[in-house]
> 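I'd like to ask you about the structure that follows.
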Number of protein chains: 2
Amino acid sequence: MAVTLADVAARAQVSSATVSRVLSGNYPVSEATRARVLRAVDELDYVLNGPASALAAATSDLVGILVNDIADPFFGIIASAVQSEIGGGQRGGSGEKLAVVCNTGGSPERELTYLTLLQRQRAAAVVLTGGAVEGPEHAAAVTAKLGRLAAAGTRVVLCGRPPAGEEPASAAVTLAFDNRGGAQRLTEHLLALGHRRIGYVTGPADRTTTRHRLEGHRAALATAGLLAGAEELTVHGSYDRASGYDAALELLRRRPDLTAIAAANDTIALGVCAALRDRGLRIPQDVSVAGFDDLPFSADAVPALTTVRLPLQAAGARAGRLAMGREATPPGGVATIRSDLMARASTAPPPEKA
Amino acid sequence: MAVTLADVAARAQVSSATVSRVLSGNYPVSEATRARVLRAVDELDYVLNGPASALAAATSDLVGILVNDIADPFFGIIASAVQSEIGGGQRGGSGEKLAVVCNTGGSPERELTYLTLLQRQRAAAVVLTGGAVEGPEHAAAVTAKLGRLAAAGTRVVLCGRPPAGEEPASAAVTLAFDNRGGAQRLTEHLLALGHRRIGYVTGPADRTTTRHRLEGHRAALATAGLLAGAEELTVHGSYDRASGYDAALELLRRRPDLTAIAAANDTIALGVCAALRDRGLRIPQDVSVAGFDDLPFSADAVPALTTVRLPLQAAGARAGRLAMGREATPPGGVATIRSDLMARASTAPPPEKA
DNA sequence: CTGTTAGCGCCTTCAC
DNA sequence: GTGAAGGCGCTAACAG
């Protein structure tokens with residue numbers, strides 16, 4: 001039904017081996033026959049059969065990018081950067097890779113399923129982005145799966161999640177985000193402004209990102225001798241706006257005298273802001289608010305959101321290059337991406353009366 | 001090197017055909033041998049070879065979702081919905097499809113490249129989301145490519161773009177968005193409030209979405225007899241925040257007396273708001289602002305953004321079902337998705353002095 | 001219900 | 001520089 005290599009060979013009056021050589025380009029072929037073959041390809045509108053090619057060559061041009069939530073710009077920005085380095089459109093010739101993003105929805109099972117599907121396809125590389133779920137058995141399953149992928153020749157890159165497995169030489173190259181340090185600096189900023197009762201709104205407790213950011217926050221509190229009562233001032237939810245909204249109301253109920261709320265990401269922070277506004281509280285005069293990630297909309301919020309900037313675009317691009325083998329592995333296989341405090345208008349000293 | 005079907009067969013003491021049948025599940029196998037095979041699979045940690053399977057069966061489990069900008073929530077939301085219907089994680093058994101999103105960056109060449117790559121892989125289905133680029137030769141190329149994909153058995157679904165090709169019976173199932181009608185109702189809303197000088201900020205001129213929304217806007221103006229000067233009040237840019245910011249300043253330069261600005265999407269509208277604020281203009285007291293799409297952040301903006309709601313989630317889900325053949329094709333192969341005006345706080349009557 | 005037998009379309013030694 | 005031939009791992013008829 002579809003036109004095959006043999007059809008092209010017949011039309012160009014050469015053997016199918018020659019056609020294959022012309023197309024893959026990594027073998028000497030006379031200019032004359034090359035032209036003839038190319039013309040036949042064009043006339044017949046031939047398209048390489050990927051599966052057959054992958055079967056024979058034992059490799060494929062598929063690269064998988066796993067994200068927790070494709071509708072969240074945090075992941076969209078990273079995925080976009082990864083993909084721009086991988087290709088799927090820049091050249092017409094070789095090195096053509098199909099970069100493809102898979103949405104796990106934050107579910108461990110789906111993550112594993114996608115990994116298996118990618119393994120089935122003999123993917124050339126896999127990039128896992130964002131925090132991991134910390135269930136002990138699941139973590140082990142993922143580590144094992146990644147090990148098998150690596151063993152089968154698939155390049156594995158982690159971007160924004162901590163190194164997998166305990167071994168010093170993990171199978172995966174890792175770009176870790178400095179979540180702990182960033183969160184700590186953010187809370188220090190709040191403390192320096194004079195805040196003493198700081199609410200904290202975060203995501204699911206079983207995610208590495210959640211844990212690390214919370215640890216940074218607590219570390220800053222500990223240094224200031226404010227660890228007592230921290231538990232009461234912490235609310236877990238999911239990483240979305242609605243969750244931030246509800247959590248802010250809950251915090252206000254628990255501690256009506258709080259003067260600041262730090263959120264584990266910008267999207268939550270937006271929900272917090274909305275809740276405060278609905279309660280008639282002014283930002284930052286009555287309550288200061290801070291986020292994390294510095295997504296594009298954060299600078300545009302009213303007031304502009306104080307947050308911690310993560311170079312998502314740059315990190316994604318680097319992950320892409322790593323996945324393509326176009327950049328050297330960092331020493332020890334792990335590089336940590338720095339985060340920067342962006343102090344803006346949503347944070348200020350607490351009200352005088354406090 | 002990797003463990004194959006034959007290995008499993010040997011261990012389970014059956015033929016490889018039996019193993020294949022157990023795994024695909026669409027053939028009667030005795031419970032006893034099935035269990036034996038499954039155990040062998042497990043013990044050997046066997047993973048199906050996708051390319052080999054696809055080659056033999058002449059189909060693959062890959063479904064491609066093409067988006068113009070993966071970092072834009074508009075596409076993220078649609079892609080997420082499509083993917084949730086396709087799977088890649090719900091069941092463990094059959095019907096397992098690898099839904100995969102490809103970021104074209106709005107480039108016609110990359111779109112074509114991805115289509116070819118997907119064709120190579122013998123994709124089960126392809127979903128194209130968002131507006132198309134209107135270059136005549138490119139449109140023809142895409143239509144031709146889609147025709148070939150469909151001919152090869154790939155299901156083609158368009159979501160948020162107009163039907164491809166002129167033929168009544170196109171190869172693709174289409175879910176078109178009511179961009180024209182929505183834009184028209186939005187501008188009518190502005191006119192009803194009393195605005196007479198309405199700026200319009202939109203995206204690249206060669207996109208179908210841009211054209212249809214602009215046409216709707218102009219249609220409303222025409223009915224009100226305000227078409228003269230519409231050209232001067234229109235600025236083209238790209239579909240992002242920065243573009244909206246710049247365009248708003250440009251409009252203010254051209255017509256300092258305008259009383260409203262409509263944007264071709266919410267992201268642009270946000271940029272417009274930022275520019276107006278920076279110029280010391282109040283929204284909506286001095287200038288009304290409206291967007292399009294009703295993305296999640298629009299309701300949270302300050303003031304809440306008047307916009308046109310498109311049921312992105314529902315449309316994406318439907319596209320996913322269509323791609324899986326789990327929903328009947330609409331009559332004529334085309335369904336139009338309604339849009340709804342969401343009048344919120346960012347629009348109000350123009351200032352008295354006007 | 002299960003085994004046997006052909007390929008699917010391409011890549012890749014190996015000869016020429 | 002080019003052709004011939006075998007096999008990658010799996011599925012899909014056929015038999016039995």
Side-chain angles (χ1 to χ4, degrees), chain A residues 1-38 40-41 44-62 94 96 117 119-124 152-153, chain B residues 1-38 40-41 44-62 94 96 117 119-124 152-153:
Chain A
M1 43 162 40
V3 13
T4 75
L5 243 206
D7 298 330
V8 177
R11 197 178 216 307
Q13 317 211 64
V14 293
S15 75
S16 56
T18 300
V19 178
S20 171
R21 296 199 259 253
V22 168
L23 294 182
S24 59
N26 40 19
Y27 212 81
V29 175
S30 89
E31 199 43 61
T33 63
R34 139 174 272 106
R36 208 140 36 84
V37 168
L38 255 22
V41 165
L44 259 31
D45 210 17
Y46 169 71
V47 176
L48 181 71
N49 182 318
S53 167
L55 173 58
T59 58
S60 91
D61 52 9
L62 206 66
S94 64
E96 206 58 283
L117 252 17
Q119 188 183 2
R120 264 202 199 4
Q121 304 297 328
R122 306 301 189 250
Chain B
M1 44 160 41
V3 15
T4 74
L5 241 207
D7 299 330
V8 177
R11 197 177 213 312
Q13 317 212 65
V14 294
S15 74
S16 57
T18 300
V19 178
S20 172
R21 294 198 262 254
V22 169
L23 293 181
S24 60
N26 42 18
Y27 214 81
V29 175
S30 88
E31 200 42 61
T33 61
R34 137 175 274 105
R36 206 140 37 84
V37 168
L38 256 20
V41 166
L44 260 31
D45 208 19
Y46 170 71
V47 175
L48 181 71
N49 183 318
S53 168
L55 174 58
T59 58
S60 88
D61 52 8
L62 207 67
S94 62
E96 206 55 284
L117 252 19
Q119 187 182 2
R120 262 202 200 5
Q121 306 296 328
R122 304 302 189 250

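Sequence lines set the chain letters: A, B, ... in the order given, protein chains first and strands last, and positions in each chain run from 1.
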> Who pairs with D45(A) by side chain to side chain contact (heavy atoms under 4.5 Å, CB included), at least two apart in sequence or on another chain?
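Listed in chain order: R148(B).
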> Rounded to whole angstroms, how far apart are CG on L55(A) and P on dC11(C)?
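In whole Å, dC11(C) P and L55(A) CG are 11 Å from each other.
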> Base contacts versus sugar-phosphate-only contacts with protein, heavy atoms under 4.0 Å: please encode nucleotides 10-16 of chain D as B, S and - from 5' to 3'.
BBBB---
> Take P51(B) and T33(A), find for each the nucleotide of DNA chain D with the closest heavy atom, and name the residue whose nucleotide sits nearer the 5' end.
T33(A)
> State, to 0.1 Å, how close L44(A) and D7(A) come at their nearest heavy-atom pair, and which atoms those are.
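So the two residues come closest at CD2-O, 3.8 Å.
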> Would you check if there is a donor-acceptor pair between the side chains of D61(B) and Q121(A) at a distance under 3.5 Å?
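Note: Q121(A) and D61(B) side chains meet the donor-acceptor criterion.
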> Pick one: which of T59(A), L48(A), L5(A), L23(A) meets side chain to side chain contact (heavy atoms under 4.5 Å, CB included) with S53(A)?
L48(A)
> What is the distance, rounded to the nearest whole Å, between atom CD of Q13(A) and atom C1' of dG3(D)?
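Roughly 14 Å, once rounded to whole Å.
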> Nearest-Å distance, CG (L44(A)) to P (dG9(C))?
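Whole-Å distance recorded here is 14 Å.
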> V47(A) and R122(B): which non-hydrogen atoms are nearest, and at how many Å?
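For V47(A) versus R122(B), the nearest heavy atoms are O-NH2, 4.0 Å.
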> Would you tell me if any nitrogen or oxygen in the side chain of T18(B) comes within less than 4.0 Å of OP1 or OP2 on dG3(C)?
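Yes, T18(B) has a side-chain N/O under 4.0 Å of OP1/OP2 on dG3(C).
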> How long is the straight-line distance from CG of L62(A) back to CZ of R120(A), given to the nearest 0.5 Å?
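Output value for this atom pair is 13.0 Å.
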